[in-house]
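Chain A is the first sequence line, chain B the second, and so forth, proteins listed ahead of strands; every chain is numbered from 1.
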Protein chains: 2
Amino acid sequence: MHSREDLEKEVMVAARDQGIGSVLFRNALGRKLGVNVTDNECLSFLTIQGVATPSELAHYTGLTTGSTTAMLDRLEKAGFIMRKPNPKDRRGVLIEVNKKWMAAAGPLVAGIQSAHRELLGSYSDKELIVIADFLKRFTYNVHEHTKKIEEDTPSTLSR
Amino acid sequence: MHSREDLEKEVMVAARDQGIGSVLFRNALGRKLGVNVTDNECLSFLTIQGVATPSELAHYTGLTTGSTTAMLDRLEKAGFIMRKPNPKDRRGVLIEVNKKWMAAAGPLVAGIQSAHRELLGSYSDKELIVIADFLKRFTYNVHEHTKKIEEDTPSTLSR
DNA sequence: TCGTATAATCAAGTTACTTGAAATTAGAGA
DNA sequence: TCTCTAATTTCAAGTAACTTGATTATACGA
């Protein structure tokens, strides 16, 4: 019923839809919790990573370091994050998410997390290995080509 | 070597890393092409979807419809998108990406696309079916819980 | 220890965003 | 058909967030 070509396309489309869905989910979460898109992306990154430096957050959010300072001021004032001294570099700080954010976001992500766990439970070990392998290699491609874009000389696109 | 628990966790981590990687890739692309984060997310969505209404773009980007109008004005002025009348609804318009954007972004995404195609080529039909199935069911979860968050009564989180 | 690079912050100016209202059309019900 | 309400987009005024360039402090290589 499915040609090889269709099958490959199906995976590509499914991967893209997944990306779109994730953005929509995070936006819904941010709206619900009353944080703007940028702050929400930052908090979502921190929730996954645990801690990060302002530089890393600037890179992830696509902001300049100046805007990142302002964003962290906002989030700190709101009680969602904490600045801690970086023991490895006295110039910098480490950012941590506070319990206030976890307590607010936790209940909203609990449902999807358990749904994902249930989904994973429906696969055999062998299948999970294939899935993990695919995701890792896919992500590797993304990283490699991100580096390539960042390294290449600036584009000449005129606006 | 791997417990079942480890295996499931590995997939979850891989899925999250993939999401983070995608954001970083899109940001790199936007920086390179000189468009801000919001405009870039919008263009990336349009590139995938082909066409969309301003309302859909507002929802995807997390903007109000007012900001979306301003964003579309920017992108139209820059020559990246086009407003077309919506034949199905004379109140609204349809947004399309112009060749100018495709020509600018195309070369930067060509590499990753062929890398992804090569990656898919390394899997058997059976494996691709598992991967596609996983991605679809994962995305289904995301959609369902996005709806749930949007439907629930507003949060009482005070800032 | 000198010079350069990196991390974060700050202040001034600019850009993008929100809010609330207006214009236009859709769609449902009398 | 004719209202009435809802939906889609736009607009103008005010606010919030972002960029740029400079500053402070520390790291790190020569």
(message) Does the plane of the ring in B/Trp101 sit parallel, tilted or perpendicular to the ring in B/Phe80? Use 30° and 60° as the thresholds.
(response) perpendicular
(message) If the cut-off is 4.0 Å, is A/Thr65 near the phosphate of C/dA8, judged by side-chain N/O to OP1 or OP2?
(response) no
(message) Using side-chain hydrogen bond (donor to acceptor under 3.5 Å, both in side chains), reason through B/Thr64 and B/Ser67 one step at a time and then give a plain yes or no.
(response) CA-CA 5 Å; B/Thr64 60; B/Ser67 312; 2.9 Å; yes
(request) Check the side chains of B/Ser22 and B/Gln18 for a donor-acceptor pair under 3.5 angstrom, ignoring hydrogens and angles. (result) yes
Protein N or O to nucleotides 12-17 of chain D N or O, pairs below 3.5 Å:
{"unit_1": "D/dA17", "atom_1": "OP1", "unit_2": "A/Asn36", "atom_2": "ND2", "d": "3.2"}

(message) So does A/Ala115 get a backbone contact from the side chain of B/Asn141, meaning a donor-acceptor N/O pair under 3.5 Å?
(response) yes
(request) Looking at every strand, decide which applies to B/Thr53 at a 4.0 Å heavy-atom threshold: base, sugar-phosphate, or nothing. (result) sugar-phosphate
(request) Using the closest heavy atom to pick a nucleotide of DNA chain D for each, name whichever of A/Met71 or A/Lys88 lands nearer the 5' end. (result) A/Met71
(request) Calculate the interatomic distance between B/Lys84 atom NZ and D/dT8 atom C1'; express it in whole Å. (result) 18 Å
(request) Using whole Å, report how far CG of B/Asn86 lies from P of C/dT24. (result) 18 Å
(message) What is the distance, to the nearest angstrom, from the CG atom on B/Asn27 to the P atom on D/dC18?
(response) 13 Å
(request) Round to a whole Å and report the spacing from CZ of B/Arg90 to C1' of D/dA7. (result) 15 Å
(message) For B/Arg26, is there an ion pair with B/Glu41 - N to carboxylate O distance below 4.0 angstrom?
(response) yes
(request) Write down the distance between NE2 (A/His59) and P (C/dA8), rounded to a whole number of angstrom. (result) 14 Å
(message) Looking at A/Lys84 and A/Glu96, is there a salt bridge between them, counting it only when a charged N and a carboxylate O are closer than 4.0 Å?
(response) yes
(message) Among D/dT8, D/dT26, D/dT19, which nucleotide has an atom closest to any side-chain atom of B/Asp89?
(response) D/dT8
(message) Rounded to whole Å, please give me the gap between CD in B/Glu41 and P in C/dA16.
(response) 16 Å
(message) Side chain of B/Thr69, heavy atoms from C-beta onward: which of D/dA6, D/dT9, C/dC10 has the nearest atom to it?
(response) D/dT9
(message) Tell me the interatomic distance from A/Leu94, atom CG, to C/dA8, atom P, rounded to whole angstroms.
(response) 8 Å
(request) Round to a whole Å and report the spacing from CZ of A/Arg31 to P of C/dC17. (result) 14 Å
(message) If you compare every side-chain N and O of B/Ser67 against the phosphate oxygens of C/dT18 (OP1, OP2), does one of them come in below 4.0 Å?
(response) yes
(request) Assess whether one donor atom and one acceptor atom, taken from the side chain of B/Arg91 and the base of D/dA7, lie less than 3.5 Å apart. (result) yes
(request) Could you walk me through whether B/His59 and B/Glu150 pass the side-chain hydrogen bond (donor to acceptor under 3.5 Å, both in side chains) test, one step at a time? (result) CA-CA 12 Å; B/His59 187 233; B/Glu150 284 170 342; 3.0 Å; yes
